[in-house]
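We're numbering straight along the sequence, starting at 1.
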Amino acid sequence: MTTETLAAGAVPAGESGAGRTHWWRDAVIYQVYIRSFADSDGDGVGDLPGIRSRLPYLAGLGVDALWITPFYLSPMADFGYDVADYRAVDPVFGTLDDFRDLLTDAHARGLRVIVDLVPNHTSDLHAWFVEALAAPEGSAARDRYIFRDGRGSRGELPPNDWESVFGGPAWTRTVDADGRPGQWYLHLFAPEQPDLNWELEEVRAEFLDVLRFWLDLGVDGFRIDVAHGMVKAPGLPDVGRADHVELIGNAVLPFFDQDGVHEIYRAWRVLLDSYPGERIGVAEAWAPTPERLANYVRPDELHQAFNFDFLAQPFQAGALRAAIDHSLATAGSVGAPSTWVLSNHDTKRHVTRYGGGAVGRARARAAALLMLALPGSAYVYQGEELGLPEVLDIPVEFLVDPQGIQSGDPAKGRDGCRVPLPWSGTVPPYGFGPAGSTASWLPAPASWSSLTIEAESGDPGSMLELYRSALALRRALPSLGAQTADSALMWLELPGAPEAVLAFRRGDRFVCMVNTGSEAVTLPAPGALLLASAAVPVLADSITLPADSAAWWRV
């Protein structure tokens, strides 16, 4: 016998949206970091034609949509997250016609396309900021950004104590036309990324027009970078202590998660809903509590918000269960789906976070089955389906990420999770570019020859085939992603199971078991084995779940 506990946050059947479950509520969305996905022209940088050429792979993997990181015109101080023109494609990535062709082909294969939007800041080479630097203090051009006089007797000190997420002060002083020091401007990230003034109606109108531009082309939604950052507290007050980056997502800060951001998203939701086909907004938002994060996905705001709480947990049953329960409860409290993600382009890959080597890989396999069995939408970061680890030994001369460079600590950089995807062959860059090309904007390790898509395809023990099987089963069992009362997550308390074991039921006929412990566990057989991350011995009435493994069962 087992006892069951209903996880909070289930949406009653028939009460999701307009009486049905929308595509985005249970979609599996694949993140394409464009520079590192596929290079079509041999210059060592991934591009739009490269993505287009690999759409058959994504469709065959079994995902529902792809999210593409920024490909707009940019000087690449932060590799596309510093946008100089929101309506133009940077030549390094292709042309606007290349994007149209990619969109057409993706839709023909049943894949939706979400693009990145960067509204908190522009590039310092954006026409607006170039105009602002040339304009006098107090001008309309400067009002589009956040310029302030400095403190101190000669304005020599920054206007407040805010720190850049990339390290150092969040303010840079300008130089006037006559060569004298001038005002300071705010940049919560790199100095080349000045923050916009979202109190100005002109800024809000401009971004509504940018949204329309891409919606008219046919994009299915937007992932909103720094969605929590556009509105700052009145008066720009000091934080009052140092190490601000350590407080992000853990404390109330005057430059993040201000209530005023929600007015912006209510206006965006009206626009999104005016287009056919359920176009969506996805918030990359850090908030001090899950309850405040849920504010971004209220019914009249955005559709999804990334669940960084789940990503941040160790591979430990109690921590994972607590994060799952809290996420389901808080998202469910506003009728929104939960989202689940294990890695992205800003965090160390979870194979490495989970311990690296064979242990990290085993845990990553188990975590994949756990994530894909949870109610809501799941995100897969390119390469996690191959079990790629973080590259920790990139030579210093190849490091390019401003987060690592500006902080003075390469270990804080993000280059290691952005190494180009290995497609085929036995030597770097593993088919990343066209035949014969050896260029690669970041070097791939010599040890990755067994982790290419070519090497893992058809190998029943590979991570890639585990993902393909899991995604096929998830599609065949619609109750897995659904967040309704009749498919709600029910925790199972298994007699004799140690605390390291998680078990839950989805609907009437599906059970997921996860053993986060270091020893195998013998448990009653719940039914027929569907899929497992490791070999699971099955007897007539019992099964042995290995250490660091997960299994799916049909009851």
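Side-chain contact between F432 and T452: absent, with no pair of heavy atoms (C-beta onward) separated by less than 4.5 Å. You'll find the side chain of R468 reaches within 4.5 Å of the side chain of S457, heavy atoms only. Counting heavy atoms from C-beta outward, R269 and H303 have side chains that approach closer than 4.5 Å. A heavy-atom distance below 4.5 Å is not found between the side chains of T522 and L539. Counting heavy atoms from C-beta on, the side chains of L293 and N307 never come closer than 4.5 Å. Side-chain contact between L102 and V113 is absent, with no heavy-atom pair separated by less than 4.5 Å. Residues V419 and L388 have side chains not in contact (no heavy-atom distance under 4.5 Å, counting atoms from C-beta outward). Using a 4.5 Å heavy-atom cutoff, the side chains of P546 and V536 are in contact.
Residues T484 and D486 bring a donor and an acceptor atom of their side chains to less than 3.5 Å of each other. Looking only at atom types and distance, the side chain of D101 has no donor-acceptor partner in the side chain of T104 under 3.5 Å away.
Note on residues 420-445: pairs passing side chain to side chain donor-acceptor pair (under 3.5 Å), not counting sequence neighbours, are S36-W441. Applying the side chain to side chain donor-acceptor pair (under 3.5 Å) test to residues at least two apart or on different chains, the pairs with a partner in residues 545-555 are R363-D548.
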Apply side chain to side chain contact (heavy atoms under 4.5 Å, CB included) to D415 and V391, showing your working.
CA-CA 8 Å; D415 293 316; V391 182; over 6 Å; no

Show the numbers, then the answer: is there a side chain to side chain contact (heavy atoms under 4.5 Å, CB included) between W340 and S327?
CA-CA 9 Å; W340 312 102; S327 298; 3.8 Å; yes

Take F315 and V514, measure what side chain to side chain contact (heavy atoms under 4.5 Å, CB included) needs, and give me the verdict at the end.
CA-CA 10 Å; F315 190 73; V514 185; 4.2 Å; yes

So W491 and D325, side-chain hydrogen bond (donor to acceptor under 3.5 Å, both in side chains) or not? Walk me through it.
CA-CA 10 Å; W491 292 111; D325 280 341; 2.8 Å; yes

Let's go through E456 and Y467 carefully: what are the C-alpha distance in whole Å and the side-chain angles of both, what is the deciding distance for side-chain hydrogen bond (donor to acceptor under 3.5 Å, both in side chains) to 0.1 Å, and is it a yes or a no?
CA-CA 11 Å; E456 293 198 22; Y467 268 77; over 6 Å; no

Step by step, work out the side-chain hydrogen bond (donor to acceptor under 3.5 Å, both in side chains) result for T347 and N344.
CA-CA 6 Å; T347 60; N344 61 37; 3.3 Å; yes

Determine, stepwise, if the pair S40 / D47 fulfils side-chain hydrogen bond (donor to acceptor under 3.5 Å, both in side chains).
CA-CA 7 Å; S40 71; D47 46 42; 3.0 Å; yes

Full working for side chain to side chain contact (heavy atoms under 4.5 Å, CB included) between F510 and V555:
CA-CA 6 Å; F510 178 89; V555 178; over 6 Å; no

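Once rounded to the nearest 0.5 Å, the distance linking CD1 of I543 with CG of L529 reads 8.5 Å. Separation of atoms CZ (F37) and CD (Q31) is listed at 11.5 Å; rounding is to 0.5 Å. One distance of note links CG of D225 with CG of D116; it measures 6.0 Å at 0.5 Å rounding. To the nearest 0.5 Å, atoms CD1 (I280) and CD1 (I114) are separated by 4.0 Å. For the atom pair CZ (F99) and CD1 (I68), the distance works out to 5.5 Å, reported to the nearest 0.5 Å. In this structure, the separation between CE on M513 and OG on S533 is 13.0 Å, given to the nearest 0.5 Å.
Checking Y81, Y33, W214, F93 one by one against F71, the ring pair (Phe, Tyr, Trp, His ring centres under 6.0 Å) holds for a single residue, W214. Residue D105 is tested with R52, R100, R54 for a salt bridge (Lys or Arg N to Asp or Glu O under 4.0 Å); the sole match is R52.
Using a distance-only test at 3.5 Å, with no hydrogens or angles considered, a donor-acceptor pair links the side chain of Y265 to the main chain of A227. Of the possible polar contacts, one joining the E385 side chain to the G383 backbone as a donor-acceptor pair under 3.5 Å is found. Under the 3.5 Å distance criterion, the side-chain polar atoms of R279 are matched with a main-chain donor or acceptor of V219. Side-chain N or O atoms of R506 include one that pairs as donor or acceptor with a backbone N or O of L480 at under 3.5 Å. The backbone N or O of A305 sits less than 3.5 Å from a side-chain atom of T339, completing a donor-acceptor pair. Between the R349 side chain and the E390 main chain, no donor and acceptor come within less than 3.5 Å of each other. Remark: side-chain polar atoms of S74 are not paired, donor with acceptor, to backbone N or O of V83 under 3.5 angstrom. No donor-acceptor pair under 3.5 Å is formed between the side chain of Q304 and the backbone N or O of P337. Proximity of a side-chain donor or acceptor of R321 to a complementary backbone N or O of G318 within less than 3.5 Å is not detected. No side-chain donor-acceptor contact under 3.5 Å links T352 to the backbone of P389.
Classified by interplanar angle (parallel below 30°, tilted 30° to 60°, perpendicular above 60°), the ring pair H345/W67 is perpendicular. Note: F308 and F306 have tilted aromatic rings, judged against thresholds of 30 and 60 degrees for the angle between ring planes. Taking the six-membered ring where tryptophan is involved, the planes of Y86 and Y72 are tilted, since the angle between them lies from 30° to 60°.
The two residues L372 and A378 have their closest heavy-atom pair at CD2-CB, 3.9 Å. L302 approaches A283 most closely through the heavy-atom pair CD1-CB, 3.6 Å. Scanning all heavy atoms of the two residues, the minimum distance from R361 to L386 falls at NH1-O, 3.4 Å. When all heavy atoms of L103 and G218 are compared, the closest pair comes out as CD2-C, 3.6 Å. Closest approach of W23 and A65 over heavy atoms only: CZ3-CB, 4.2 Å. Considering every non-hydrogen atom in both E465 and G458, the closest pair reads OE2-N, 2.7 Å.
In this structure, R353 does not pair ionically with E384, as no charged nitrogen and carboxylate oxygen lie closer than 4.0 Å. A salt bridge links D346 with R418: the closest approach of a Lys/Arg side-chain nitrogen to an acidic carboxylate oxygen falls below 4.0 angstrom.
Environment of CD in E291: crowded, with over 12 heavy atoms of neighbouring residues, nucleotides or ligands closer than 6.0 Å. Within 6.0 Å of CG on D216 lie more than 12 heavy atoms contributed by other residues, nucleotides or ligands.
Every residue meeting the salt bridge (Lys or Arg N to Asp or Glu O under 4.0 Å) condition with R475, not counting sequence neighbours, appears here in chain and number order: D64.
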